[in-house]
2 protein chains.
Amino acid sequence: MKGYEELFSYFETNLKEQAFDNKPNELYAPIQYTLGLGGKRIRPVLTLMACELFGGQIEKALPQAIAIELFHNFTLIHDDIMDNAPLRRGKVTVFKKWDSNIAILSGDTLFALAYQYVQKADTNILPVTLNVFNKTAIQVCEGQQFDLNFETKNNLSVAQYIEMIKLKTAVLFGASLKIGALIGGAGAEDAQRLYDFGLNLGLGFQLKDDLLDTFGDERIFGKKTGSDIISNKKTYLYLKALEIADAETKNKLISFYNNSGYREEKFREVKAIFSRLKVDQLALKKIDGYCKIGKECLDKINLNDEKKEKLHAVAHRMIERDK
Amino acid sequence: MKGYEELFSYFETNLKEQAFDNKPNELYAPIQYTLGLGGKRIRPVLTLMACELFGGQIEKALPQAIAIELFHNFTLIHDDIMDNAPLRRGKVTVFKKWDSNIAILSGDTLFALAYQYVQKADTNILPVTLNVFNKTAIQVCEGQQFDLNFETKNNLSVAQYIEMIKLKTAVLFGASLKIGALIGGAGAEDAQRLYDFGLNLGLGFQLKDDLLDTFGDERIFGKKTGSDIISNKKTYLYLKALEIADAETKNKLISFYNNSGYREEKFREVKAIFSRLKVDQLALKKIDGYCKIGKECLDKINLNDEKKEKLHAVAHRMIERDK
């Protein structure tokens with residue numbers, strides 16, 4: 001069984017070999033640029049690992065791993081337009097470097113290219129693979145729309161937030177694993193267990209993302225903290241804080257989030273409230289809860305523990321990361 | 001063999017039965033709105049007709065016909081953002097009625113939904129159907145990017161324009177027919193012949209569109225003519241005129257197209273130049289040429305002429321239309 005690093009470099013090498021250099025250049029240059037920005041490649045690594053877990057050759061899962069990474073990058077290009085985000089992985093976003101028309105269209109093309117890789121699955125598992133992929137793609141769009149809706153919505157609950165990140169982020173982790181498992185030869189039940197493992201892992205992953213954005217150590221995190229608070233993003237931390245705060249603190253938080261000014265001062269003050277209410281610790285507890293459920297799903301799969309160890313290690317890496 | 005009207009109402013009835021009413025509403029309402037705007041539904045009708053041509057039941061081709069119409073509507077939603085178009089089929093466009101984020105995302109969702117219908121193909125023809133669909137989707141994106149590029153490009157040739165409309169418009173007509181043919185049981189060669197018929201028909205269809213936009217009779221056309229000229233769109237008419245005009249006329253045309261003012265006056269004058277150069281007649285001749293090639297492709301298919309008659313009739317309808 002190969003670990004994260006080995007599968008990461010295997011994937012990276014193979015992704016680089018895909019040309020994506022058709023005409024017109026205005027369409028393909030942004031695709032090459034986006035894929036060249038790097039990233040953790042967690043999703044495709046999970047696909048490869050799931051395939052190997054059930055005895056499959058990673059080469060067989062490579063097209064699907066690429067499909068998932070292309071799909072993920074398509075969502076990043078379009079999300080960046082919608083969020084008006086200037087930077088992605090420290091570099092200028094596609095719609096800022098080119099323009100939003102090119103970003104819309106190169107995103108669309110990436111989405112279609114993803115399906116060209118899905119299509120490479122063996123005929124016997126193509127229908128189920130395509131089914132998982134389609135369903136997930138639609139859910140990710142729904143999740144992004146919920147996220148956009150939440151910007152102007154008040155009285156959000158933690159449960160609604162969790163449902164949103166489940167759709168926007170977690171289902172793709174589940175799908176990455178399930179598709180890899182199916183290619184590796186897993187039965188429907190085991191593939192679903194691995195999906196559930198991924199779903200819970202994805203929820204933990206996103207909550208960890210929220211936590212790092214406010215409480216990360218900038219020297220390790222590699223980017224400035226505070227962007228969620230400064231942009232009034234209603235994350236788990238904020239919604240949990242509203243849930244448990246006294247009336248005065250609650251009003252203070254709401255008034256901060258109704259204001260686009262302050263910035264640094266607002267970040268400091270809101271972070272102090274979060275700390276006082278211990279929502280960071282509550283978030284960690286919630287993450288632990290998801291990890292526990294995820295591991296239980298993995299435990300139910302009838303394979304020896306040694307084989308599952310690499311997946312446990314990736315889960316650990318995704319959750320314990322400081323960046 | 002059923003004709004256009006019968007297949008149109010069969011498709012319309014069945015499209016209406018598809019719910020597209022998941023949550024969040026902000027994502028699905030624009031999808032319902034767009035599909036409810038109507039349109040000629042030529043592409044899905046071609047899919048159904050091609051299926052029946054080879055002896056297939058139209059019910060079997062229905063999911064693919066829906067997939068193609070969803071894909072087409074996805075491109076319309078995104079194109080309208082890029083073209084900053086206020087109206088589509090006489091109604092407010094999605095990005096104007098909602099906003100561009102919702103238009104991007106509901107378009108993405110329509111694209112993914114299209115694949116959910118592609119997926120319903122029988123396992124034995126799913127790979128080839130998916131292959132045609134993917135390839136076409138990518139080509140349509142490429143065509144749209146060429147179209148965007150042409151806005152700021154000078155020295156375009158008629159050949160470059162034809163290549164652009166081939167990608168942006170004609171390949172989808174080809175794919176609609178090819179997919180229907182494959183579902184109907186056509187062999188690879190006949191399916192390709194039908195694709196080539198559709199491709200040529202699509203080229204004629206787009207040139208007819210260009211022609212109507214300038215020379216259409218507004219009372220029949222149902223919308224104002226002149227939008228291509230007023231928005232400086234480099235259509236076949238314009239590029240052909242540049243090709244054959246004397247230096248003085250050429251400069252006059254270029255200077256008109258470098259100016260966003262005038263509007264009505266500009267339309268009148270440019271149209272007069274086009275008439276004087278007879279580019280409308282040249283366009284008609286070119287359309288006839290494509291029709292002839294298309295019909296030759298259809299003729300090569302080894303089926304009796306009576307069966308092909310309905311397809312000839314649709315071709316005639318697409319080309320001889322006044323609106």
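Source: prediction; values computed, not measured.
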Mark yes when over 12 heavy atoms from residues, nucleotides or ligands other than A:E59 sit less than 6.0 Å from its CD; otherwise mark no. yes
Using a cut-off of 6.0 Å, state whether more than 12 heavy atoms not belonging to A:Q57 lie near its atom CD. no
Against chain B, label A:N124 side chain, backbone, both or neither, depending on which of its atoms sit under 4.5 Å from a heavy atom there. neither
Any side-chain heavy atom of A:P24 within less than 4.5 Å of one from B:E142? yes
Rounded distance [0.5 Å steps], CG in A:N22 versus CD in B:Q139: 9.5 Å
Does either side chain, that of A:E26 or that of B:N149, offer a donor lying less than 3.5 Å from an acceptor on the other one? yes
If you count heavy-atom pairs under 4.5 Å between each of B:K23, B:Q144, B:Q119 and chain A, which one has the most? B:Q119
Chain B heavy atoms under 4.5 Å from A:L148: which part of the residue, side chain, backbone, both or neither? side chain
Rounded to the nearest 0.5 Å, the OG atom of B:S100 sits from the CD1 atom of A:I81 at a distance of 8.5 Å
Looking only at B:I102, B:T123, B:L27, most heavy-atom pairs under 4.5 Å shared with chain A are made by B:L27
Side chain proximity check, B:V118 to A:N134, heavy atoms < 4.5 angstrom: no
Side chain, backbone, both or neither: which part of A:K120 has a non-hydrogen atom closer than 4.5 Å to chain B? neither
Which bit of B:F133 is near chain A, if near means a heavy-atom gap under 4.5 Å: side chain, backbone, both or neither? neither
If you count heavy-atom pairs under 4.5 Å between each of A:I138, A:D99, A:T109 and chain B, which one has the most? A:I138
Can you tell me how the ring of A:F111 sits relative to the ring of B:F111, calling it parallel under 30°, perpendicular over 60° and tilted otherwise? perpendicular
Count the heavy atoms of every other residue, nucleotide or ligand shown that sit under 6.0 Å from NZ of B:K168, and state whether that count exceeds 12. yes
Once rounded to the nearest 0.5 Å, what's the spacing between atom SG of B:C141 and atom CG of A:L110? 10.0 Å
Set out, in order, the CA-CA distance, both residues' side-chain angles and the distance that settles side-chain contact (heavy atoms from CB on, under 4.5 Å) for B:L130 and A:L126, then state yes or no. CA-CA 10 Å; B:L130 191 56; A:L126 179 60; 4.1 Å; yes
Check whether more than 12 heavy atoms from other residues, nucleotides or ligands sit under 6.0 Å from atom CD of A:Q32, and answer yes or no. yes
For residues A:H78 and B:L105, determine if any side-chain heavy atom of one lies less than 4.5 Å from a side-chain heavy atom of the other. no
Should the heavy atoms of other residues, nucleotides or ligands under 6.0 Å from NZ of A:K234 be counted, would the total exceed 12? yes
Heavy-atom cut-off 4.5 Å, strictly under: side chain, backbone, both or neither for A:L167 against chain B? neither
A:D108 vs B:T75, test: side-chain contact (heavy atoms from CB on, under 4.5 Å). Steps then yes/no. CA-CA 9 Å; A:D108 293 345; B:T75 65; over 6 Å; no
